[in-house]
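First comes the structure, then the notes that go with it.
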Protein chains: 2
Amino acid sequence: MNKKNVKRRNAEATRKAILESARKRFALAGYDGAGLREIAAGADVTAMMVNRYFGSKEQLFAEVLDHVMEKPFILTPEALGSPNLARSTASALVAITNKQEEPLDGFSVMLHSASNKKAAQIARLKVEQGRQKSLSDALQGPLAAERAAILLSIVAGVQVMRQTIGITPLAEADPDDLVNLLTPVFDKLING
Amino acid sequence: MNKKNVKRRNAEATRKAILESARKRFALAGYDGAGLREIAAGADVTAMMVNRYFGSKEQLFAEVLDHVMEKPFILTPEALGSPNLARSTASALVAITNKQEEPLDGFSVMLHSASNKKAAQIARLKVEQGRQKSLSDALQGPLAAERAAILLSIVAGVQVMRQTIGITPLAEADPDDLVNLLTPVFDKLING
DNA sequence: GCTTTAATTATACAGTTGTAGATTTATATT
DNA sequence: AATATAAATCTACAACTGTATAATTAAAGC
């Protein structure tokens with residue numbers, strides 16, 4: 001019997017390794033800041049493998065966004081039924097934006113790539129297809145889509161300011177204080 | 001009588017022109033995205049003038065941030081006494097983040113440069129020295145600094161999402177709806 | 001064990017970046 | 001009008017970028 005899906009030197013594993021390295025680098029440095037050689041080195045291959053497996057840097061970026069967007073770290077549709085959603089959302093956001101944490105989410109990728117027009121357009125597309133839509137579907141009441149978008153904006157804003165830029169006192173503040181301040185804000189948007 | 005401050009070919013005007021062109025380009029494309037030749041062309045000079053007048057791209061960036069930070073477009077300390085501050089802040093933010101508007105503020109510069117470590121550090125310094133401090137001084141009540149920082153984060157987040165990325169429906173939403181949704185959010189943070 | 005085929009690398013190219021040194025140009029003073 | 005001086009440019013360089021082509025290497029099937 002002949003096996004068709006034979007993996008020599010494990011092509012599938014290499015592809016995954018590149019994708020994972022790209023996610024990390026894009027999240028840290030954005031589309032422009034992450035070089036192909038750097039991404040490839042993170043996957044223990046040479047830069048040419050990237051183009052072999054993904055065609056171009058742009059296509060790689062799009063695929064990375066697909067992956068990071070499909071599992072939201074916060075405000076998941078399932079969690080939207082919870083009674084203390086506003087507070088749990090606030091505390092998840094504060095926890096994740098701790099400095100030492102690796103920025104592992106689509107927001108980092110998107111925000112750090114906002115200055116590049118092509119990358120920003122790809123990111124917008126992916127956000128609209130992914131999180132934004134499922135979130136606004138789950139929210140109740142009038143102007144659900146707008147409220148969802150503002151919610152995402154606040155999450156994004158806090159993440160950049162706290163984690164990337166590291167604004168004082170956001171970066172050094174007592175996490176509990178931040179949660180207490182953010183909770184009523186989120187509550188306004190979730191419950192109206 | 002001999003005049004000491006003689007300007008040949010108007011050095012001062014050239015310096016200002018470069019600074020202004022740099023502000024525009026940095027706001028649009030961020031630190032990495034704005035090339036020195038491009039910035040220089042916007043001031044009708046060659047790229048070498050930039051280094052002559054500012055020493056390096058980094059120093060130019062720092063000086064641009066000094067200028068854009070010293071005149072806040074929103075949440076000015078003077079306006080903080082106004083009764084309807086939350087609403088006027090919301091409506092100013094919505095008005096300014098209209099797509100056609102040129103991004104003329106320090107937030108754009110900062111956000112688009114967040115992916116570059118050096119640039120992000122310079123930006124953080126300037127924000128802390130400038131707007132952040134005056135704003136938290138003006139806010140009343142407990143945790144004023146934290147509330148001010150969250151306020152700035154929300155402004156930043158809405159700006160990126162609405163203007164730079166152009167998320168639907170934030171970009172196309174009815175401005176009045178957005179103002180109505182943002183006002184109670186800002187009110188929570190301003191008045192507690 | 002040899003051949004085939006796919007995974008991986010090596011080399012190279014054209015473009016861009018920030019910047020340095022030498023040179024040219026314009027202007028104010030003599 | 002000639003000269004001194006500062007403004008502006010020209011040329012160039014070394015480092016980087018994404019990517020294309022050609023060569024090499026390793027493993028599967030016979």
Side-chain angles (χ1 to χ4, degrees), chain A residues 1-22 25-26 28-64 112-113 115-119 121-122, chain B residues 1-22 25-26 28-64 112-113 115-119 121-122:
Chain A
M1 54 176 85
N2 59 346
K3 301 209 284 176
K4 287 182 97 179
N5 282 351
V6 187
K7 292 154 211 160
R8 314 180 164 200
R9 272 146 123 179
N10 216 340
E12 196 176 317
T14 302
R15 212 191 121 93
K16 273 193 179 178
I18 294 174
L19 207 57
E20 176 62 9
S21 170
R25 291 302 311 161
F26 280 142
L28 269 173
Y31 183 83
D32 286 330
L36 283 186
R37 285 165 180 81
E38 196 180 7
I39 291 171
D44 272 319
V45 281
T46 52
M48 292 67 226
M49 293 278 81
V50 176
N51 277 322
R52 177 171 223 277
Y53 282 104
F54 298 92
S56 70
K57 188 183 184 182
E58 248 178 82
Q59 290 174 260
L60 170 65
F61 184 70
E63 197 150 331
V64 165
H112 288 169
S113 308
S115 58
N116 183 295
K117 278 199 170 185
K118 277 186 195 169
Q121 194 192 338
I122 296 174
Chain B
M1 52 177 84
N2 58 344
K3 301 209 283 178
K4 287 183 97 178
N5 282 352
V6 187
K7 293 153 211 157
R8 315 183 162 197
R9 271 147 122 179
N10 216 341
E12 196 176 318
T14 303
R15 213 192 120 93
K16 274 192 179 178
I18 293 174
L19 208 57
E20 175 63 10
S21 170
R25 292 301 312 161
F26 280 141
L28 271 171
Y31 183 83
D32 287 330
L36 283 186
R37 286 165 179 80
E38 195 179 8
I39 290 172
D44 272 319
V45 281
T46 52
M48 292 67 226
M49 293 277 82
V50 176
N51 276 323
R52 177 172 224 278
Y53 281 104
F54 298 91
S56 70
K57 188 184 184 182
E58 247 180 82
Q59 290 174 261
L60 170 66
F61 183 70
E63 197 150 331
V64 165
H112 288 167
S113 308
S115 58
N116 182 295
K117 278 199 171 184
K118 277 185 196 170
Q121 194 193 338
I122 296 174

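In this text the structure is predicted, and so the values were computed from the model without any measurement. So that the names make sense, note that chain A is the first sequence line, chain B the second, and so on, each numbered from 1.
- In this structure, B:K57 atom NZ and C:dT19 atom P are separated by 8 Å, rounded to whole Å.
- Considering only heavy atoms from C-beta on, A:K118 stays 4.5 Å or farther from A:Q121 through its side chain.
- Rounded to whole Å, atom P of C:dG18 lies 11 Å from atom CG of B:N116.
- A donor-acceptor pair under 3.5 Å is absent between the side-chain atoms of A:S21 and the main chain of A:A40, judged by distance alone.
- Using a 4.0 Å heavy-atom cutoff across all strands shown, A:V45 reaches sugar-phosphate atoms only and no base atom.
- An OP1 or OP2 oxygen of D:dA8 is reached within less than 4.0 angstrom by no side-chain nitrogen or oxygen of B:R52.
- Between the side chain of A:K57 and the backbone N or O of A:V50, no donor-acceptor pair lies under 3.5 Å.
- Look at CE on A:M48: it is 11 Å from P on D:dA20, rounded to the nearest Å.
- Between B:I39 atom CD1 and C:dG18 atom C1' there is a gap of 11 Å when expressed in whole angstrom units.
- In the interface, the side chain of B:R37 is paired with the base of C:dT19 through a donor and an acceptor atom under 3.5 Å apart.
- Remark: P of D:dT19 and CE of A:M49 are 14 Å apart, rounded to the nearest angstrom.
- Two residues are said to be in side-chain contact when any heavy atoms from C-beta on lie closer than 4.5 Å; B:Y53 and B:L60 fail this criterion.
- The CG atom of B:D32 sits 17 Å away from the P atom of C:dT16 (whole-angstrom rounding).
- With rounding to whole Å, A:Y53 atom OH is found 19 Å from D:dG18 atom C1'.
- Nucleic acid contact class of B:A43 (heavy atoms, under 4.0 Å, all strands): none.
- When the side-chain nitrogen and oxygen atoms of A:S56 are compared with OP1 and OP2 of D:dG18, none of them lie within a distance under 4.0 Å.
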